Colleague: 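One structure coming up, written as C-alpha cells, with questions to follow.
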Amino acid sequence: MYVAVKGGERAIENAHRLLADKRRGPRDVPELTPAQIDEQLSLAVDRVMSEGSLYDRALAALAIKQARGDLIEAIFLVRAYRTTLPRFGYSHPLDTGAMQVRRRISATYKDLPGGQVLGPTFDYTHRLIDFSLMEQDAVPAPATAPHAAQTAMPRVADIIGSGDMIEASPPDEGAPVSDLTRDPLAFPAPRDLCLQNLARGDEGFLLALGYSTQRGYGRNHPFVGEIRLGEVQVEVEVEGLPFAAPLGAVTLTECQMVNQFVGSKTEAPKFTRGYGLSFGQCERRAMSMALVDRALRAGEFEEERKGPAQDEEFVLSHSDNVQATGFVEHLKLPHYVDFQAELALLREMRGENHASHPEAAE
Amino acid sequence: MSAYNFAYLDEQTKRMIRRAILKAIAVPGYQVPFASREMPMPYGWGTGGVQVTASILGPDDVLKVIDQGADDTTNAVSIRAFFAKTAGVKTTTATTEATVIQTRHRFPETNLGAHQVLVYQVPIPEPLRFLEPRETETRTLHALAEYGLMHVKLYEDIARHGHIATTYAYPVSVNGRYVMDPSPIPKYDNPRLDDCEALQLFGAGREKRIYAIPPHTKVVSLDFEDHPFEPTKFEHPCALCGSTMSYLDEVVTDDAGGRMFVCSDTDYCETRQREGHIGHLNAAAPQTCPEAAE
C-alpha cells in the first residue's frame, strides 16, 4: 500500500544540522576564525566584497566561513544582508589619483612619474607548489623602501590625456548615478549602469568575455595603461558640516585600459578607454572589466557588434552570479507536475505513432 | 527575528512593490518592471512570489504555500517557515482557510473565492522569450500587440508533431490584449485562470517583473479554430481518493515498471479521503486481493 511521503520539515532541519557539522569538520582540527580568513585568504575576501557589493572585510570573511569556502555562496550571503541595510547618502566620487599606492604598473611606458611599483604580486613567481608551507613557516618581514613612496603618482591615462592623445574622461555633470539595485535594469543601459553591473559581475564570466575580445570576438586592441592598487579616502557630505566628512579608506584596484583609436575627417584620431574598478586586490577582474567595458562601448564608436562581449543585453543580463546560480540550481527543485504534462503528451504522440505505423514501433 | 521588519522587507520596498502590483492590476497581463531585491533564498526558488507575498501580507492573513500542488514539498515548507518566522502569520494547508496562497507550478483544485489572493512564482515572465531573446524586442512586440511569432510557433508544433507541443507554461491572452505566461503550471490548469473570483498576482524576482490577472478577467489559452486548446486528460482516477477531476502525479512504486497516479494537490486529496472517498490503492481501501497490495 502506498503512503504519501511526509516530513519535509524534519528532513530540512536535519539536512541543515548535517551541513553545520560538515562545515565544522573533524573536531580535532582547530576551527577556522574569520580573522584568519580575512588575513590569510584575503583575496577571497576581496572577491566576495566586490561581487557582494559591500565593503566589509569582517562580514565577507564570516560569509566565506559560513559558506564552507564556496565563494558564490558567500557572495550571496553578503548580497542578501546588504539589501536590508538602509541608505543614508552617497559618497563623493572617489579620487583614485590621490590613492595611497601600494602597487602601480604600466605596460605603456617603461618609466613614468612615480615609477613602476610592483607591490604584492604573483606575477613573476614560479608556480611551484611550496611544500615548506605544509609546516608553519617563519616568513621574513618585507623589505621596505628607503623613503616613503609618496611621490606624486599621476594616473597614466591623465599623462596620455595631457597631450590630447586619448578621449577625455567624461565630465561630471552632477547627474544622478544609475543604481541597478534600486531600479530594474532597462535597455539600452547608460555606461554608468554598465560599469555598476560589471563591477559586481562574476569574475569568471568577465574573464571569459574579456578573453574572447582578445581572440577576435570584438577585438579592441588593449594596452594596460595602468593598474594601481592602494587605499582611497571615502568622503561624504554631511548636513551642517562645511567640509566633506571622511568616512575612512577603502582598498581599490583600478585598471585603465588604453584601446584602439578612433577619429574622423573632422576630428584627430585618439585612443579610447576601457575602465575597470574593484574592491580590494582583484586585478584579474579589474582588467577583465576594462576589456568588457570597452567592448560594450561599440555603439558609441559605431563599431560593428560581432562578439558576445559587445552585446549589452547578453552581457548585462548574465553577469550576475547570484542570479545565475539561483536559476541554474533551481532545476533541483521538484518539476514533476510539468514533467508529468510532458510525459502525457509524449505517450499520446507515441500512441498515435504506433497506431499509424504499428510495424515501426515493434 | 526582531532585527527584521514584518514579513522581512522594509516598508519602503513594500510600497515600491505595491505600486508595481497596482499598476499590474490596472493593466492586466502587462509585465511591470520592479526593483526586485535580493532575498535570503536563491533566485529561481520563488523570490518574486516571496516579495509579492511579503508586500501584501497583513498580520491577520492566513498563508498557504504549495509547490507542485503539495504543501509538504521542501521548498513550500521552507517558504512557509520563512513567513511564519518573519511575519508571525497563521499558516494553513487548507485551501479554503487561506487568504493568501503562494504557489509554484499549480492552481489549487479547490475553487478560490473573492477574499483570496493567489501568488504565483514565475521563472521567465516573458512568453515570447524563447522566440526572441532580446528584451528590447519583446517589449516592442507587446506594445504593438504583435503576437504573430507565437502563433507561428504553435502552428509549427502542429505541422511537426500533430499537436501543440506545449504542455506547461502554455501562453494565454489576458483581457483580449496582452499575451501572458501563466508560469509553468500544467496547461491542465489554464481554464481555471479564466473568470477567476480571486486576484491572481505573478512575481518574477530574478527577471524583476510583476503582472496580474484581476478577478473576473477573461483569460484565453491560445489556439486555432481547427486545433482548439485541450487540457491534459488522465486515463486513471487518483489511487488514493478516487478523484477523476484532478491533476495527477505519477509515482513510481518499484523498479519493475510499477506506477500509480495520485492527486498533485495534497490538500484536495486528503480532504476527499477524510470525506470518505477512497481510491483503489489507498491503505484504507477494502482488501479484496491481498497479493495486489505488495
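The structure presented is a predicted model; accordingly, all values stated were derived computationally and were not measured. Computation of the quantities below employed the complete heavy-atom set of this structure, encompassing side-chain atoms and omitting hydrogens, waters and symmetry-equivalent molecules. Chain A is the first sequence line, chain B the second, and so forth, proteins listed ahead of strands; every chain is numbered from 1.
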Colleague: Only pairs of heavy atoms separated by less than 4.5 Å count here; which of B:T166, B:N75, B:D71 has the most with chain A?
Modeller: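 Greatest number of close heavy-atom pairs with chain A: B:N75.
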
Colleague: Mind running side-chain contact (heavy atoms from CB on, under 4.5 Å) on A:Q323 and B:E207 for me, showing each step along the way?
Modeller: CA-CA 9 Å; A:Q323 290 177 7; B:E207 299 279 342; over 6 Å; no

Colleague: Taking A:V322's backbone N and O only, do any of them form a donor-acceptor pair with B:Y43's side chain (distance below 3.5 Å, no angle check)?
Modeller: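 No, because the side chain of B:Y43 does not come within donor-acceptor range (under 3.5 Å) of the backbone of A:V322.
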
Colleague: In terms of heavy-atom proximity below 4.5 Å to chain A, should B:M16 be classed as side chain, backbone, both, or neither?
Modeller: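 For B:M16, no heavy atom lies under 4.5 Å from chain A.
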
Colleague: Can you give me the closest heavy-atom contact between B:A165 and A:E342, atom names plus distance?
Modeller: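 Looks like O-OE1, 4.4 Å.
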
Colleague: Please look at B:L9 and chain A and tell me whether the side chain, the backbone, both or neither of the residue comes under 4.5 angstrom of a heavy atom of that chain.
Modeller: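 Neither part.
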
Colleague: Are the side chains of B:D249 and A:V337 in touch, meaning some heavy atoms are under 4.5 Å apart?
Modeller: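 When only atoms from C-beta onward are counted, A:V337 and B:D249 do touch, with a gap below 4.5 Å.
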
Colleague: Using every non-hydrogen atom in the two residues, find where A:L333 and B:G44 come nearest and quote the distance to one decimal.
Modeller: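 Nearest pair, atom of A:L333 first, then B:G44: CD1-O, 3.9 Å.
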
Colleague: Could you measure the distance from the CG atom of A:L85 to the CG atom of B:D10? Nearest 0.5 Å is fine.
Modeller: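 So the gap between those two atoms works out to 10.5 Å.
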
Colleague: Distance-only criterion, 3.5 Å: show the donor-acceptor pairs between side-chain atoms of residues 180-188 of chain A and protein atoms not counting sequence neighbours.
Modeller:
| unit_1 | atom_1 | unit_2 | atom_2 | d |
| --- | --- | --- | --- | --- |
| A:T181 | OG1 | A:R87 | NH2 | 2.9 |
| A:T181 | OG1 | A:D179 | OD1 | 2.7 |
| A:T181 | OG1 | A:D179 | OD2 | 3.4 |

Colleague: Please check if the number of heavy atoms outside A:F327 that lie under 6.0 Å from its CZ is greater than 12.
Modeller: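 Check passes, neighbour count above 12.
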
Colleague: A:Q340 and B:L248: which non-hydrogen atoms are nearest, and at how many Å?
Modeller: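 The answer is CG-O, 3.3 Å.
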
Colleague: How about B:R15: does its CZ atom have over 12 heavy atoms from other parts shown lying under 6.0 Å from it?
Modeller: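 No, CZ of B:R15 has 12 or fewer neighbouring heavy atoms, counting only those of other groups under 6.0 Å.
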
Colleague: Heavy-atom distances under 4.5 Å only: say whether B:Y247 touches chain A with side chain, backbone, both or neither.
Modeller: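 Just the side chain, heavy atoms under 4.5 Å.
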
Colleague: Taking all non-hydrogen atoms of both residues into account, name the closest pair between A:P334 and B:T73 and its distance.
Modeller: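 Closest heavy-atom pair between A:P334 and B:T73: CG-CG2, 4.3 Å.
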
Colleague: Considering non-hydrogen atoms only, spot the tightest contact between A:A341 and B:T167 and give its length.
Modeller: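 Scanning both residues completely, I find the closest heavy atoms to be O-CG2, 3.5 Å.
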
Colleague: For the pair B:E38 and A:R200, find out whether any cationic side-chain nitrogen is under 4.0 Å from an anionic carboxylate oxygen.
Modeller: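 Salt bridge: yes.
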
Colleague: Name the region of B:Y188, side chain, backbone, both or neither, that has any atom closer than 4.5 Å to a heavy atom of chain A.
Modeller: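 Neither; nothing under 4.5 Å.
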
Colleague: Mark yes when over 12 heavy atoms from residues, nucleotides or ligands other than A:Y81 sit less than 6.0 Å from its OH; otherwise mark no.
Modeller: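 Not buried by this count: 12 neighbours or fewer within 6.0 Å.
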
Colleague: Pick one of side chain, backbone, both or neither for B:R134, based on which atoms fall under 4.5 Å of a heavy atom in chain A.
Modeller: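 Backbone plus side chain of B:R134, per the 4.5 Å heavy-atom cut-off to chain A.
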
Colleague: Quick check on B:H105 against chain A: is it the side chain, the backbone, both or neither that has a heavy atom closer than 4.5 Å?
Modeller: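 Both the backbone and the side chain of B:H105 come within 4.5 Å of chain A.
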
Colleague: Any carboxylate oxygen within less than 4.0 angstrom of a Lys/Arg side-chain nitrogen, looking at B:E250 and A:R347?
Modeller: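 Yes.
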
Colleague: Listed by residue number, which members of residues 53-79 of chain A have a heavy atom under 4.5 Å from any heavy atom of chain B?
Modeller: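 Residues A:F76, A:R79 are the ones that qualify, each having a heavy atom under 4.5 Å from chain B.
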
Colleague: Residues in side chain to side chain contact (heavy atoms under 4.5 Å, CB included) with B:R139, at least two apart?
Modeller: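 Scan of B:R139 (side chain to side chain contact (heavy atoms under 4.5 Å, CB included), adjacent residues dropped) gives B:Y30, B:P33, B:E135, B:R209.
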
Colleague: Between A:H335 and B:Q68, does any side-chain donor sit less than 3.5 Å from a side-chain acceptor?
Modeller: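 Absent: no donor and acceptor within the cut-off.
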
Colleague: Using atom types as modelled and distance alone, determine if a side-chain donor or acceptor of A:E313 lies under 3.5 Å from a backbone N or O of B:T136.
Modeller: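 Side chain of A:E313 to backbone of B:T136, a donor-acceptor pair under 3.5 Å: yes, one is there.
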
Colleague: Quick check on A:L331 against chain B: is it the side chain, the backbone, both or neither that has a heavy atom closer than 4.5 Å?
Modeller: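 For A:L331, no heavy atom lies under 4.5 Å from chain B.
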
Colleague: Chain A heavy atoms under 4.5 Å from B:Y170: which part of the residue, side chain, backbone, both or neither?
Modeller: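 Neither part; nothing is under 4.5 Å.
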
Colleague: Out of curiosity, B:Q121 CD to A:H330 NE2, how far, rounded to the nearest 0.5 Å?
Modeller: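 If we round to the nearest 0.5 Å, B:Q121:CD and A:H330:NE2 are 9.5 Å apart.
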
Colleague: Quick one: which of B:K233, B:H163, B:E235 has the most heavy-atom pairs under 4.5 Å with chain A, could you say?
Modeller: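 Most heavy-atom pairs within the cutoff with chain A belong to B:H163.
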
Colleague: Give me the atom names and distance for the closest heavy-atom approach of A:E329 to B:W45.
Modeller: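 Heavy atoms only, the tightest pair is O-CZ2, 3.6 Å.
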
Colleague: Using side chain to side chain contact (heavy atoms under 4.5 Å, CB included) as the criterion, list what pairs up with A:S319, not counting sequence neighbours.
Modeller: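 A:S319 satisfies side chain to side chain contact (heavy atoms under 4.5 Å, CB included) with A:N197, A:F205 only.
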
